[in-house]
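When a ligand or atom number is given, it counts from 1 through the structure's own listing order. Just so you know, these numbers come straight off a predicted model, no measurement behind them. We count residues from 1, following the sequence as given.
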Amino acid sequence: MTEPLKIAMPKGRIFEEAVELLRRAGFSLPPEFDDSRKLIVDAPDADMRFILAKPMDVPTYVEHGVADIGVAGKDTMIEEERDVHEVLDLGISPCYMAVAGLPEYEKTDINPKVASKYPNLASRYFKEQGEQVEIIKLNGSIELAPLVGLADRIVDIVSSGQTLKENGLVELETIVSITSRLIVNPVSYRMKDSRIDDIAVRLAEVVEEDVR
Ligand SMILES: Nc1ncnc2c1ncn2[C@@H]1O[C@H](COP(=O)(O)OP(=O)(O)OP(=O)(O)O)[C@@H](O)[C@H]1O
Ligand SMILES: O=P(O)(O)OC[C@H]1O[C@H](OP(=O)(O)OP(=O)(O)O)[C@H](O)[C@@H]1O
């Protein structure tokens, strides 16, 4: 019997949308997807094994080959810079990365502080802009930082804009738009596994339907 194809799935807000895409593409999915804390679940016909990871860790699982493919936010790929192939823009969980701050923010400080859950992405962005900043890594509630004086600005994900608005912050610059992508391990990619091709083609068809 052939080994099941291993798929790293992001838990959290992308999960439901990714599962919906797979269902629409005609894959039979584990019943445990609906209500379980299990982190490894097999598809009913045992041809696919799903590994449920933190969204930021999906590229890591795929790079190391413990998952052949994965669903990852573009933000996680930019932040983590893992050696993986991006084969399809799934178009799900759209949002964007932005610089935000208090409305009265002015670029005056010598070494301004920027808080973010994405220190690499933020650091690269400001370097490209030719601005020297000190990055402060936080793990969530990023919008708090300028409110309490921990940082002058933040780099964070915006989707509805509600969090910025409710906390009296304004968007200062847009960095990059984000959707979730289908990613593939470089070795699996080179081996041209027909099962990976099949998943990519069937998902592309569903994505295409949504664009039309
Ligand atoms: N409004 C949003 N805020 C954050 N991430 C979003 C948003 N909209 C879409 N996304 C996508 O969802 C992913 C994050 O999912 P989620 O918030 O479930 O995980 P997380 O960042 O690990 O959250 P937590 O640490 O709160 O568990 C991001 O990588 C991004 O691609
Ligand atoms: O534009 P919006 O629709 O308001 O979404 C953006 C917010 O959502 C995310 O936070 P999340 O809910 O993941 O919580 P966190 O702050 O704990 O990361 C993100 O970090 C923003 O704070």
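- Of the N or O atoms in Ile157, none lie within a sub-3.5 Å distance of an N or O in ligand 2.
- Side chain of Asn185 to backbone of Glu63: a donor-acceptor contact under 3.5 angstrom is found.
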Just the distances, no angles: every ligand 1 N or O to protein N or O pair closer than 3.5 Å, one line each.
unit_1	atom_1	unit_2	atom_2	d
ligand 1	3 (N)	Arg13	NH1	3.3
ligand 1	17 (O)	Arg13	NH1	2.8
ligand 1	18 (O)	Arg13	N	2.8
ligand 1	21 (O)	Lys117	NZ	3.0
ligand 1	22 (O)	Lys54	NZ	3.4
ligand 1	25 (O)	Lys54	NZ	3.4
ligand 1	25 (O)	Lys117	NZ	3.4
ligand 1	27 (O)	Lys54	NZ	2.9
ligand 1	29 (O)	Asp75	OD1	3.1
ligand 1	29 (O)	Asp75	OD2	2.5
ligand 1	31 (O)	Asp75	OD1	2.7

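- Taking each heavy atom of Val58 and Gly70 in turn, the nearest pair found is CG1-CA, 4.1 Å.
- Scanning the protein for heavy atoms near atom 8 (O) of ligand 2, the closest one is Arg13 NH2, 4.0 Å.
- Nearest approach of Tyr189 to Val87, heavy atoms of both residues: CE1-CG1, 3.6 Å.
- The shortest side-chain heavy-atom distance between Gln132 and Asn111 falls under the 4.5 Å cut-off.
- Taking a 6.0 Å sphere around OH of Tyr118, one finds it holds more than 12 heavy atoms contributed by other residues, nucleotides or ligands.
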| query | Where do Glu131 and Arg153 land on the salt bridge (charged side-chain N to carboxylate O under 4.0 Å, His left out) test, with the steps shown first? | reply | CA-CA 13 Å; Glu131 195 185 345; Arg153 282 170 290 173; 2.6 Å; yes

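- Contacts between Thr163 and ligand 2 below 4.0 angstrom, taking non-hydrogen atoms only, involve backbone and side chain alike.
- Between Ser160 and ligand 2, a contact under 3.5 Å exists for at least one N or O pair.
- The Val158 neighbourhood of ligand 2 comprises atoms 1 (O), with distances under 4.0 Å to a heavy atom of that residue.
- Below 4.0 Å from some heavy atom of Lys117 lie the following atoms of ligand 2, by number and element: 18 (O).
- A heavy-atom separation below 4.0 Å is not found between Glu166 and ligand 2.
- If you check each of Gln162, Glu143, Lys165 against atom 21 (C) of ligand 2, the one with the closest non-hydrogen atom is Glu143.
- The two residues Thr60 and Arg82 have their closest heavy-atom pair at OG1-NE, 3.4 Å.
- The environment of Lys137 atom NZ is dense: over 12 non-hydrogen atoms of other residues, nucleotides or ligands sit within 6.0 angstrom.
- By the rule that hydrophobic residues join a cluster once side-chain heavy atoms approach within less than 4.5 Å of another member, Val176 and Ile92 end up as members of separate clusters.
- Closest heavy-atom approach to atom 20 (O) of ligand 2 within the set Asp75, Asp156, Leu164: this belongs to Asp156.
- Distance remark: protein heavy atom present below 4.0 angstrom from atom 15 (P) of ligand 2.
- Because its NZ or CZ atom is not both nearer than 6.0 Å to the ring centre of Tyr105 and within 45° of the ring axis, Lys107 does not count as a cation-pi partner of that residue.
- Contact detail for Pro146 and Leu102: the closest heavy-atom pair is O-CD1, 3.7 Å.
- For ligand 2, the atoms sitting less than 4.0 Å from at least one non-hydrogen atom of Ser141 are 15 (P), 16 (O), 17 (O), numbered in the order shown with element in parentheses.
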